[in-house]
Amino acid sequence: MLVKTYSAAVQGIGATVITIEVNILSGVKFFMVGLPDVAVKESHERILSAFNHTGYRFPRKQVIVNMSPADIRKAGSSYDLTIATGILAASEELSTEKLEEYAIMGELSLDGSLNPIKGVLPIAIKVKESGFKGLIIPIGNACEAAVVEGLDVIGVKNLSEVVGFLNGSIEIQPFNTPKAISNGDLCMDSLPDFSDVRGQQAVKRALEVAAAGGHNIIMIGPPGAGKSMLAKRLPSILPPLTNEESLETTKIHSVAGHITGNTSLLRHRPFRSPHHTISDIALVGGGSYPQPGEISLAHNGVLYMDELPEFKRSALEVLRQPLEDRKITVSRANSTVEYPANFMLAASMNPCPCGYHGAPFKECTCTPNEVKRYMSRISGPLMDRFDIQCEISPIPFSDLASRPKGDTSAVIRERVIAARKIQENRFREFQGIHCNAQMDERMLHIYAESDSVSMKMLETAMERLKLSARAYSRILKVARTIADLEASEQVKSHHMAEAIGYRNLDREDYYNL
């Protein structure tokens, strides 16, 4: 008997419907075709054990399983349940009445219970678009899939529940979306607060501007000046994700298997902080079966790179293209996938090998050539992509002990959210543009150029600092954000002056401090 069941294969952050055809004929062998990988082929042993533990009989005949379309490589153990139900239906132990209405996916344990799988959200979206009534998946994935409206998500614990549901002997209600918990429900008070940091008002201001416009920022200063402490508080002032951003971000984390059982949609912007020993592939994504890397996991959020010069040069250089295109294309011999990578890059570093170049309290032991060699680990094109470059000086003990606390993260966050709302209204007609950092050249001329006095100021700065055309556009974007923080429709001269002041590393005298 020939039976068809349905599942899906994840490709990038999308999915493709896969038809599983099972045919039982006279014979004794088991065949699986349709470009399955090793993990899919191993499903035979898992299914056989699950049948023995749940009281079902594996056919003592020739079983042929075809996974269509055959030109798409199928990977992972998520097809176990689809194949198992197809075998039971083909051997007439399962009713075929509902098989065309539901897509079925899940990993089988040897005792017949079901384990969660990766990529459920893009799968659920594709199943809904393909006209299926519902999706049968492990109960651990039900909360995530229930985000998709108009799709009956049937969460099951084991193979027996699937058989009972499809045979009509038991009734399972579709998973109710109100039960879903988003990570936006987590209390913001649990995050480190900016008021814990004494002094450093100029750097706090720079981080506020960066958060308000989605700008890349690098902080340079001696050890103990507070670079990492400030960077770890950046998530506490970021605005919440919009619905569109939340869905896209959750899809990426779903594909990577980072969505827990009680989480539906991500509401907090991701904050990724990889170690400097990270490989190129782990950073940008890839592998034999491409998976999203750190830059994609930071999509719509922040990628923080501490001790930036300690990262491998090759790993740093691969950041240049995603920072401009806001996406990454991973090409392999058997597939090409594209992941979004619209992230805000935050970095920190020491000014020299010993760390005390320009420090007021300790003498630097490095020669000028050593300082230049250390700074040259960050290429000019990459450094040029940091919209905001700020220096951090240590706080003297007297100021550290007596200086009052500054604004809390909640207060700063309100200002950031207000500025982001202005930008959302400004760019509402532009698809995929949410903040000033995403503006292209045409939009810069419309929204960011200022009066003649401000533009003359910028012209003088470009000639004196020998800035590139990229630095020109970065300054305009930052100036536009500073104006938005003041709710000013026009970029004024003091906005431009502050934006130019954030190009510290472009000064000719920087290495001679």
Side-chain angles (χ1 to χ4, degrees), residues 10-15 75-76 116-123 125 141 144 147 182-184 186 191 210-211 214 216-217 231-232 234-236 238-242 244-261 263-306 308 311-312 314-316 318-330 332 335 337-347 385 432 434-435 437-438:
V10 176
Q11 294 180 302
I13 60 169
I117 59 175
K118 295 180 180 180
V120 166
L121 183 55
I123 289 171
I125 293 172
N141 294 122
E144 180 183 346
V147 171
S182 73
N183 81 331
L186 300 175
L191 298 175
N216 303 326
I217 181 172
K232 290 175 181 178
L234 186 56
S236 66
L238 293 174
L241 292 165
T242 65
E244 179 185 349
E245 290 174 328
S246 178
L247 184 61
E248 190 172 39
T249 304
T250 306
K251 286 166 68 176
I252 297 171
H253 287 254
S254 174
V255 170
H258 294 171
I259 303 297
T260 58
T263 301
S264 56
L265 281 178
L266 300 179
R267 292 296 183 187
H268 288 171
R269 294 185 182 273
F271 182 85
R272 308 291 300 184
S273 181
H275 193 262
H276 62 260
T277 57
I278 189 172
S279 66
D280 303 3
I281 291 178
L283 187 62
V284 301
S288 301
Y289 301 103
Q291 288 287 300
E294 288 293 327
I295 64 172
S296 293
L297 293 172
H299 179 63
N300 290 322
V302 178
L303 177 68
Y304 174 55
M305 305 181 76
D306 195 11
L308 190 65
F311 285 80
K312 291 191 302 182
S314 59
L316 293 178
V318 297
L319 288 174
R320 288 162 53 180
Q321 181 260 340
L323 282 170
E324 291 296 321
D325 297 342
R326 302 190 181 276
K327 63 182 180 181
I328 182 72
T329 302
V330 180
R332 294 293 181 267
S335 65
V337 297
E338 184 177 283
Y339 295 111
N342 179 24
F343 59 95
M344 170 184 163
L345 178 61
R385 286 170 167 81
H434 303 286
C435 60
Q438 299 171 346

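Note: Ile295 CD1 to Arg326 CZ = 12.0 Å, rounded to the nearest 0.5 Å. Distance check: Met344 CE to Tyr304 OH gives 11.5 Å after rounding to the nearest 0.5 Å. For the atom pair Leu191 CG and Lys232 NZ, the distance stands at 13.5 Å (nearest 0.5 Å). Going from atom CD1 of Ile328 over to atom CZ of Phe343 covers 9.0 Å, rounded to the nearest 0.5 Å. Distance CZ/Arg320 to CG/Leu323: 10.0 Å, rounded to 0.5 Å. Expressed to the nearest 0.5 Å, how far CD1 of Ile252 lies from CG of Asn300 amounts to 7.0 Å.
The shortest heavy-atom contact between Ser296 and Ala341 is OG-CB, 4.4 Å. When every heavy atom of Gly119 is checked against every heavy atom of Val10, the shortest pair comes out as O-CG2, 3.9 Å. Shown here for Thr250 and Leu266, the closest heavy-atom pair between the two residues is OG1-N, 3.0 Å. For the residue pair His275 and Thr277, the shortest heavy atom distance occurs at ND1-OG1, 2.9 Å. Nearest heavy atoms, Val330 versus Gly286: CG1-CA, 3.6 Å. Annotation for Ser279 and Lys312: closest pair CA-NZ, 4.2 Å, computed over non-hydrogen atoms.
Looking only at side-chain heavy atoms (C-beta outward), Leu121 and Ile259 stay at 4.5 Å or farther from each other. At a threshold of 4.5 Å between non-hydrogen side-chain atoms, the residues Ile13 and Ser254 do not count as touching. No side-chain heavy atom of Leu319 sits less than 4.5 Å from a side-chain heavy atom of Arg385. Contact of the Val255 side chain with the Pro122 side chain is registered, since non-hydrogen atoms from C-beta on lie closer than 4.5 Å.
A donor-acceptor contact shorter than 3.5 Å links the side chain of Arg269 to the backbone of Pro239. Checked by atom type and distance alone, the side chain of Asn216 pairs as donor or acceptor with a backbone atom of Leu345 at under 3.5 Å. Glu144 places no side-chain N or O within donor-acceptor distance of the main-chain N or O of Asn141, the cut-off being under 3.5 Å. A distance-only check finds no donor-acceptor pair linking the side chain of Asp306 to the backbone of Ser273 [under 3.5 Å]. Within the 3.5 Å criterion, the main-chain N or O of Asn342 finds a donor-acceptor partner in the side chain of His299.
Residue-environment remark: NZ (Lys327) stays at or below the threshold of 12 foreign heavy atoms within 6.0 Å.
Ring geometry for Phe311 versus His276: interplanar angle over 60°, hence perpendicular rather than tilted (30 to 60°).
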